[in-house]
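Just so you know, residue 1 is the first one in the sequence shown, and it goes up from there.
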Amino acid sequence: SRGHPERGAPQTMKIPSPHDLGLHKILNPLRPIVSPIVDLGAKQRLRAAVNIADLRQCAKLRAHKMVFDYLDSGADDEIILRRAKDAYSELEMHYHVLSGLQPPLDMSTKVFGCDVKLPFFACPTAGNRMFHHEGESAAARAAQHHGTLYGLSSLGTTSIEDIGKMHDGPKVFQLYVWKDRGLLQDVLRKAKEGGFQALALTVDFTWYGNRERDIRNGFTIPPNYSVKQIVEAIKRPAWTWDFVSNDPYTYANINKDVPADSLAAFVNAQINPAFNWEDAEWLMKEWNGPAAIKGVVRPDDAKRAVKAGFSTMWVSNHGARQLETSPATIDVLPSIREAVGPNVEIIMDGGVQRGTDIAKALALGADSVGVGKPYLYGLAAGGTEGVIKALNILKVELDRAMGLLGTGTVEELKKKGPSLIKRRVTGSSVRDFPYPGPTAAARRLPCAQRLLLGGAATAAAKARGVAPDPRSPRSQRDWRATGGGAQQLVRGDSVARALLLDRPTSVSPARLSYRKQGRHPPP
């Protein structure tokens, strides 16, 4: 059988894989010769990347489509995936001037009571070797390089022992809600022996989210070697070479002797939807150390978690991959802080794409911030080098944001935060770009015709290579603009609503050229 690393999708027939045939043993000695050749383009793109959006594109061009979409996707219609990112754009930064700061700024803080050099870290995520053969090792080395926390998933493809050899700083081990208490106790023992100071219990994964990109792609771990998957593999030679020339990966922290495809059904059987607060209290007693409850979005749940023995609230919606239209974590963060008070540690993840996003989270109540997709884009784009670059991009952006805000330390940012970050009252400015308004002819059209005109406007915009203005809050709900002028397809009804509300529905080609050059259009 084959399956998803977190669910499993059994199939009746198993076609022998390259690893079953031992091909990797023949190809592995050739890696020093072949790898630099097939990875040349990927390395050039990685060096040219400026921001996380660029790293996303690098990952897309190197990884198998099935693998990239698994990383990039969200639940159902991916509404919360977009909202989680857009929520940050609704928060303005009201900076101080003449603060007398001198670089370098102090970004050090504490996470789980341990000193770290950065207030953000790479979240624990499953199956990292799927994205690049270096897998969790790359993320651990990058965390060591930057002096920050490392998080390992219980469904990681690198063992607790191996991670301990690569990262001697603070580490958190992430655990799912397994049925078998013996399995839980065994994993906890290994984590303690491996030098992991803290535990994170993921509680928003008792049911499996609906990820439709995976279904369309026929996502399995490992690939099912259909014609479609083989064609996609040929398109991505660097990823494919990595896959076929290295040992098959396993879920090393559950049973490293069982291959990933066989273990998927076991994982599916072990996830426990009936796991409750009493089970959580039992787990806290077994661990008897710093522990986070990961997946909290409600103040009442946060209060109950404190009573159950958790020292840290981890505000998260599982990367927008579980419950569609769950709240954006940055929106609920202040209420969680208010509920638990100033002395309970809070970690937040979700939607972070910029250092300014991290600054906003710290200002609104987080003690540290987890990032998932940004570092996984770096991993898929270029292994250790890519993860180091992803974290460095966020570090530089956070340093700049703190300097411009007038806060020299993380503690100062947290202390002054409520006065620095304000939500836009009107959501978005209608006049961000000069716009003469609808034509007199358009004003005279009946409503039904205006709706049809909205669809025509969308088609015209697509033909010109221009998307409707992202600054419309109604349009913003349905799409996410990325860096470098790259824009995603929008829904026609958003354009129609923008038209009816006298909002701009497109950006002129001249203004788009200014955007691509990183310049502001003239008034």
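- Look at Asp331 and Arg423 and you find a salt bridge, because one of the NZ, NE, NH1 or NH2 atoms lies within 4.0 Å of a carboxylate O, short of that distance.
- Gly209 and Gln322 make their closest contact through N-OE1, 3.0 Å (heavy atoms, listed as atom of the first residue, atom of the second, distance).
- Salt bridge status for Arg321 with Asp204: absent, with no side-chain N to carboxylate O gap under 4.0 Å.
- Annotation for Ser154 and Leu175: closest pair OG-CA, 3.9 Å, computed over non-hydrogen atoms.
- Checked against Glu92 for a salt bridge (Lys or Arg N to Asp or Glu O under 4.0 Å), the options Lys360, Arg424, Lys422 give a single hit: Arg424.
- Inter-residue side-chain proximity for Thr202 and Val177 is flagged as unmet; no heavy-atom pair is nearer than 4.5 Å.
- Atom CD1 in Ile330 sits 8.0 Å away from atom CG in Asp357 (nearest 0.5 Å).
- At least one donor-acceptor pair under 3.5 Å links the side chain of Asn51 to the backbone N or O of Ala53.
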Query raised in the report: Arg83 and Thr325: side-chain contact (heavy atoms from CB on, under 4.5 Å), yes or no, with the steps?
Result: CA-CA 9 Å; Arg83 283 183 183 169; Thr325 67; 4.3 Å; yes
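- Aromatic ring orientation, Trp314 versus Phe112: tilted (interplanar angle from 30° to 60°).
- Of the possible donor and acceptor atoms, none in the side chain of Asp349 sits under 3.5 Å from a partner among the backbone N and O of Gly319.
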For a quick test of your reading: what N or O donor-acceptor pairs under 3.5 Å do the side chains of residues 391-398 make, sequence neighbours left out?
from   : atom 1 : to     : atom 2 : distance (Å)
Glu397 : OE1    : Gly355 : N      : 2.8
Glu397 : OE2    : Arg354 : NH1    : 2.7

Query raised in the report: Between Val172 and Lys294, does a side-chain contact (heavy atoms from CB on, under 4.5 Å) hold up when you go through it step by step?
Result: CA-CA 12 Å; Val172 58; Lys294 184 176 183 291; over 6 Å; no
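- In this structure, the side chain of Glu232 does not engage the main chain of Met66 through any donor-acceptor pair within 3.5 Å.
- Of all the heavy atoms in Ala381 and Ala59, the pair that sits closest is CB-N, 3.9 Å.
- Few gaps surround CZ on Arg31; more than 12 heavy atoms of other groups in view lie less than 6.0 Å from it.
- Between Tyr176 and Phe205, the ring-plane angle classifies as tilted under the 30° and 60° cut-offs.
- Using a distance-only test at 3.5 Å, with no hydrogens or angles considered, no donor-acceptor pair links the side chain of Trp239 to the main chain of Leu61.
- In summary, the side chains of Thr157 and Asn128 do not present any donor paired with an acceptor at a separation below 3.5 Å, with no hydrogens or angles considered.
- When side chains are defined from C-beta on, Thr356 does not count as touching Tyr88, because their heavy atoms never get closer than 4.5 Å.
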Query raised in the report: Are Ser35 and Trp241 close enough, and set up right, to give a side-chain contact (heavy atoms from CB on, under 4.5 Å), and what steps lead you there?
Result: CA-CA 7 Å; Ser35 294; Trp241 170 252; 2.9 Å; yes
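- In terms of heavy-atom proximity, Pro374 sits nearest to Leu55 at O-CD1, 4.5 Å.
- Rounding to the nearest 0.5 Å places CE of Met107 at 5.5 Å from CG of Leu118.
- Side-chain atoms of His24 and Pro18, non-hydrogen and from C-beta on, never get closer than 4.5 Å to each other.
- Listed here is the closest heavy atom pair of Ile163 and Ser137: CD1-N, 4.5 Å.
- Taken to the nearest 0.5 Å, the CD1 atom of Ile230 stands 9.0 Å off from the NE2 atom of His64.
- Across Arg211, Lys65, Arg213, a single residue satisfies salt bridge (Lys or Arg N to Asp or Glu O under 4.0 Å) together with Asp72, and that is Arg213.
- In this structure, the side chain of His19 engages the main chain of Phe243 through a donor-acceptor pair within 3.5 Å.
- Between the NE2 atom of His145 and the NE2 atom of His167 there is a distance of 12.0 Å, given to the nearest 0.5 Å.
- Distance check, rounded to the nearest 0.5 Å: CD of Glu136 to CG of Leu152 gives 6.0 Å.
- Contact check for Thr148 versus Phe120: no side-chain heavy atoms found under the 4.5 Å cut-off.
- Thr240 contributes a side-chain N or O that, together with a main-chain N or O of Ala233, makes up a donor-acceptor pair within less than 3.5 Å.
- For Asp162 (side chain) and Thr158 (main-chain N/O), no donor-acceptor pair under 3.5 Å exists by modelled atom type.
- By the 4.5 Å heavy-atom criterion applied to side chains, Ile160 and Phe196 are counted as neighbours.
- The cationic atom of Arg62 (NZ for Lys, CZ for Arg) does not lie both less than 6.0 Å from the six-membered ring centre of Phe68 and within 45° of the ring axis.
- Minimum interatomic distance between Tyr95 and Leu405 (heavy atoms only, all atoms of both residues): CB-CA, 3.7 Å.
- Salt-bridge check for Lys43 with Glu385: passed, with a basic side-chain N closer than 4.0 Å to an acidic carboxylate O.
- Contact check for Tyr70 versus Phe131: side-chain heavy atoms found under the 4.5 Å cut-off.
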Report task. Apply side-chain contact (heavy atoms from CB on, under 4.5 Å) to Arg236 and Val67, showing your working. Result -> CA-CA 11 Å; Arg236 297 293 183 262; Val67 169; over 6 Å; no
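- Between the side chains of Gln144 and Asp168, at least one donor N or O sits under 3.5 Å from an acceptor N or O.
- When atom types are taken as modelled, the side chain of His133 and the backbone of Ser245 share no donor-acceptor pair closer than 3.5 angstrom.
- You'll find the side chain of Asp54 stays beyond 4.5 Å of the side chain of Arg45, heavy atoms only.
- Rounding to the nearest 0.5 Å places CG of Leu420 at 12.0 Å from CG of Leu91.
- Side-chain contact check for Arg298 versus Val332: every heavy-atom pair is 4.5 Å or farther apart.
- In this structure a side-chain-to-backbone donor-acceptor pair under 3.5 Å is missing from Glu345 to Met313.
- No donor-acceptor distance shorter than 3.5 angstrom exists from the side chain of Asp367 to the backbone of Ile347, with no hydrogens or angles considered.
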